Every structure is written in structure tokens, then in C-alpha cells.
There are 2 protein chains.
Amino acid sequence: MESSLTISIQDYLKHIYELTEDGKNASTNALSERLNVKPASVTNMVQKLASVKPALVEYQKHQGVTLTKEGRKAALEVIRHHRLLEAWLVQTLGYSWAEVHEEAERLEHVISEDFERRMAAAMGHPLRDPHGELIPTADLVMPLEDSTPLSALRPKQKAKVQSVKNADAELLRYLENLGLLPGVQITVLDYSSFDHNLTVKAGAKVSVLGLNITSKIFVEHPG
Amino acid sequence: MESSLTISIQDYLKHIYELTEDGKNASTNALSERLNVKPASVTNMVQKLASVKPALVEYQKHQGVTLTKEGRKAALEVIRHHRLLEAWLVQTLGYSWAEVHEEAERLEHVISEDFERRMAAAMGHPLRDPHGELIPTADLVMPLEDSTPLSALRPKQKAKVQSVKNADAELLRYLENLGLLPGVQITVLDYSSFDHNLTVKAGAKVSVLGLNITSKIFVEHPG
DNA sequence: CGATAAATTTAGTATAATCTAAAATAGATT
DNA sequence: AATCTATTTTAGATTATACTAAATTTATCG
């Protein structure tokens, strides 16, 4: 009786994964905000995830949560589904880079392992999704990130956009219009140490980043 | 606050649609069996679907249910999703005719209208799914069926297999092996009026139908 | 026609995930 | 150290869907 995880639990695990990528624990409140659920509900669910066997999270009152090995596997499974789906929807149904997230968000919980394998094979086992995010491997390991945030670049440096992380649909559309998407070659023109913003030349087009988003854009091997 | 129907309700409506295609009402027990839910649970849900506003089903104690206009639209929406998905998964991910049903069963509830439109457009707005079943139109009308059950054929008649209805994965695999799938030309060799079984020649291969499945196979314009 | 079987409904219970309101705790500020 | 504030937890209620067991209605058949 292989009782599979509910959508709700998969979502908790996915967001805990993302919130703990920096090594810190995920707080009740941060989870509450991301999941659009009240903090009290998070406490409840997290207590359940910690007491289930095998435990999916490590949890101590007021100290937030981290994933156990099992929890991490389950999270990476969902993230793999999500990123493969994004890649595949863009390739086969002409979704734009910006639109695809929401659709994948719902599908990621219901596709079979067979579906996952077929997509991966059909695309030649891609390493990154359309936003440039790394796709966990079939055996559920997250590959090492080898790119650098755009904010680390200095004037005159050249680089290639590798990924745009944690951005909402509006920002993605904006960047798409600027031509600032994965694969594009850029050159740093100006730098303000005050707000850590850069002005860059993306491809042929000059683009001004008036927004503080340089920590969301990652580039390949900074020159 | 556009509160969309839950998966559970969509499933009830879909199965009520299928059970009432013959004009009869869907009984509590029949629904219970198809949905793998106890009869008492069906009564509960069906009472709810009848009392919700606008009502999704018409219901009277001991008389079973039929769909209202709204209920039918909702059912056809799910069925359209299902059949487009089947067609699309077969075409783009190489699923076999027999395997695809289960996957579509889960996806049908979570894809967006946008996804539906994109699939339909990508395939040139197909009229039938891989099993030959008619696909409801974008405005949620079920096209008229113009095929005949195989059981209506008599010896020597020739026909083309149009669809195979309500068959489980095992039977579909069996038929696939025989080569008895949509599009194949067949000839009736023998007929037993006792059990309504036919022996037919499918394409080049001689096939014996020892099972009582001639009412599940439909053919185009019987000669 | 009335007995019995089958199908259906009622009534009460269970579980999962959420909510609100109130209580408790931790961390920061004097 | 005392207090304030923000975060987190507890407790209890709610919603949706299912379950079991018992009661009831309908159907069947001798």
C-alpha cells in the first residue's frame, strides 16, 4: 500500500527545499507567506511532517525546519517534474518563457514517473529549464551550480546569461522584452556601488536595469 | 471568487455523463462501482451536487441522477481534456494506445484552458482520440456519433474500425496485438447469434473474438 | 399478496488540511 | 532585568470527502 504524498505535502517540501538552499532553516512565517497559508497551519503541517515515519523534516519549536534525506528526495522529485515540464511545454506547445511556470506548478504533482522519463528522453535529458535553472538528475541529485550572480560583475566584463531565478511572470516578461534571457551575451557598462545595480548591454540592445534584480540573474563563468 | 470544481466533483460528473449517454439515469450503485466509492458516499455527493447553485445534477431519491445543462458542460470539459490529452501524449511522447488512459485520467483535472487550446491547435483540432472516441468541441458540444457497433455486422460485411469504447488496458493491449485498432479494415467471417460474437478478419490477420466485446468496437458506415 | 433480497438512504464517525483567536515564546530595546 | 513587539504555537472550529452500520425503500418471486 504505497501511500503517495499529497499535493499539499509536496508543496511544503518544495518550498522548504527552496528556503533552505542557503543553509538556513525555513521559518514558519516564511513558509506561510510562500504557501499562502496561515502561520498556524504551517506549524501544524510541519509537526506532522516531522512525526511521520520516516520523517520528512527535522523540526524544533521556534527554530524552523530543514529537510531529512527522505524529505529532500521528495522535494527534488517535484522540482525535477516542474523543470522538465517547463522545458517541455516551451518546446512542444510554444509557451513563452514567462507563461510556463503556472502551468507546471499544477502538473508537477500529478505526472507519473513514466511521463517524467519520456519527457526527459524526448528532450535529450536537458540540464537546465527555460529559465536556466538546473534540473535535478533522474536519481534525484541537484547538480552543482557553476554560475555567478550578475551583481558580482564589474564594468567592461562580458558574460552569458545562464539563469533568472525566483522571478515572477511580470518580471520575466519584462526581461524577455529587453532580450535579457538565458543564452544571451551581455557586457557590463556601468555600475553603482550604492544600490548594486548594473547597466548592461544585452546582445545588440542597450538595457538599463533600474530594478534591483541583479541578484536574480546568474551568468556563466564571469570573464 | 471563481471557485472551480474539485477533482472529485469533476469525476462524479464525468461518470454520470458516461452512465447517462444511453438516456437512462445513473444509479447510485453504478456510480459507486465506477468511482470506487461506497454507495452511501455517492448518495451524499449527489445530494450535494443537486443542491448546489446552479445545480449540476437532477436528482430524486431512488431514481438516480441526470446532468443539468451546467453539469453537462462541466463533464464535457473534463472529457475534452481527457481525449485531447490522450491524443497528444500518443503523438508527442510515444505512449501506446493502451497505456495512455491512466495518465490522462490524472492530468485532465489540472490543465488550463490555455493548455487545452494549445494542444488542440498543435494537433489541428482532431475529431477523435486514439481510441476513436469523439472529442467534445471547444464550445462543449459532443459531436454526433456516426459509427455502428461491430455486433450489428453480418457475415461477409466489410468495415473500418472506428473506435473501441470503455475498454480496460488489458483488453486494449490484446486488441492492439491482434491489430484490431482504429483505422483498420475488417471483414466478418462468421457470426454466432447465440452469444453475439463475431469472427473477423482484421487487415491481413485472422482474429477470433472469443470475448463478448463486439459491442465495444464501433465501425464506420457498415457496408 | 406478502416475504425476502437487493438497492438506496440516513445517521453518525473519520481524516486531511485549513482557519481564527488567544496564549506563549524569542529577540530587541531600553 | 523589564518590557515591548513580532513570531510562533496551542486549542478548537470548519470544510470536504469518505467511511460503516443500521434503517428504509423498492423489486422480485413463490
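Because only heavy atoms are used, hydrogens play no part in the values below, and waters and symmetry mates are left out as well, while side chains stay in. Computed from a predicted structure; not experimentally measured. Just so we're on the same page: letters track the sequence lines, and every chain starts at 1.
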TODO: Round to a whole Å and report the spacing from CD of B:Glu33 to P of C:dT8.
DONE: 11 Å
Task: Donor on one side chain, acceptor on other, B:Glu108 and B:His82, under 3.5 Å - done: yes
Open item on the list: What's the closest nucleotide to the side chain of A:Thr43 if the choices are D:dT20, C:dC19, D:dT8?
Closed with: D:dT8
TODO: Applying salt bridge (charged side-chain N to carboxylate O under 4.0 Å, His left out) between A:Arg80 and each of A:Glu116, A:Glu113, A:Glu86, report the one that passes.
DONE: A:Glu116
TODO: Respond yes when some side-chain nitrogen or oxygen of A:Lys61 is under 4.0 Å from OP1 or OP2 of D:dT10, and no when none is.
DONE: yes
Task: Atom-to-atom span, NE2 of A:His62 to C1' of D:dT9 - whole angstrom - done: 6 Å
Open item on the list: Here's a test for you: under salt bridge (charged side-chain N to carboxylate O under 4.0 Å, His left out), which of B:Glu21, B:Glu77, B:Glu105 qualifies with B:Lys14?
Closed with: B:Glu105
Open item on the list: Under 4.0 Å, counting only non-hydrogen atoms across every strand here, what does B:Ser8 touch: a base, just sugar-phosphate, or nothing?
Closed with: sugar-phosphate
Open item on the list: Any side-chain N or O of A:Tyr12 below 4.0 angstrom from OP1/OP2 of C:dA16?
Closed with: no
Task: Salt bridge B:Arg128-B:Glu133, side-chain N to carboxylate O under 4.0 Å - done: no
TODO: To the nearest Å, give me how far apart NE2 (B:His109) and C1' (D:dT17) are.
DONE: 15 Å
Task: Length of the line joining A:Ile9:CD1 and C:dA16:P, which is rounded to integer Å - done: 9 Å
- [ ] To the nearest Å, give me how far apart CG (B:Asn44) and C1' (D:dA18) are.
- [x] 9 Å
Open item on the list: I need the CG-P distance between A:Asn29 and D:dA6, as an integer number of Å.
Closed with: 12 Å
Open item on the list: Categorize B:Val42 for me: base, sugar-phosphate, or nothing, with a 4.0 angstrom heavy-atom threshold over every strand shown.
Closed with: nothing
Task: Distance in angstrom units between A:Gln47 CD and D:dT10 C1', rounded - done: 9 Å
Open item on the list: Please determine whether a side-chain nitrogen or oxygen atom of B:Tyr59 lies at a distance below 4.0 Å from atom OP1 or OP2 of C:dT8.
Closed with: no
Open item on the list: Does A:Thr28 reach a base, just sugar-phosphate, or nothing at all? Heavy atoms under 4.0 Å.
Closed with: sugar-phosphate
- [ ] Side chain of A:Ala40 only, please: which of D:dT17, C:dA21, D:dG12 is the nearest?
- [x] C:dA21
Task: Distance test, side-chain N/O of B:Ser27 to OP1/OP2 of C:dA7, below 4.0 Å - done: no
Task: Rounded interatomic separation in angstrom, taking CG from B:Leu49 and C1' from D:dA16 - done: 12 Å
Open item on the list: So, OP1 or OP2 of C:dA26: does either fall under 4.0 Å of a side-chain N or O from A:Gln63?
Closed with: no
TODO: Check B:Gly64 against B:Tyr59 and note the closest heavy-atom contact, atom names and distance.
DONE: O-CD1, 3.6 Å
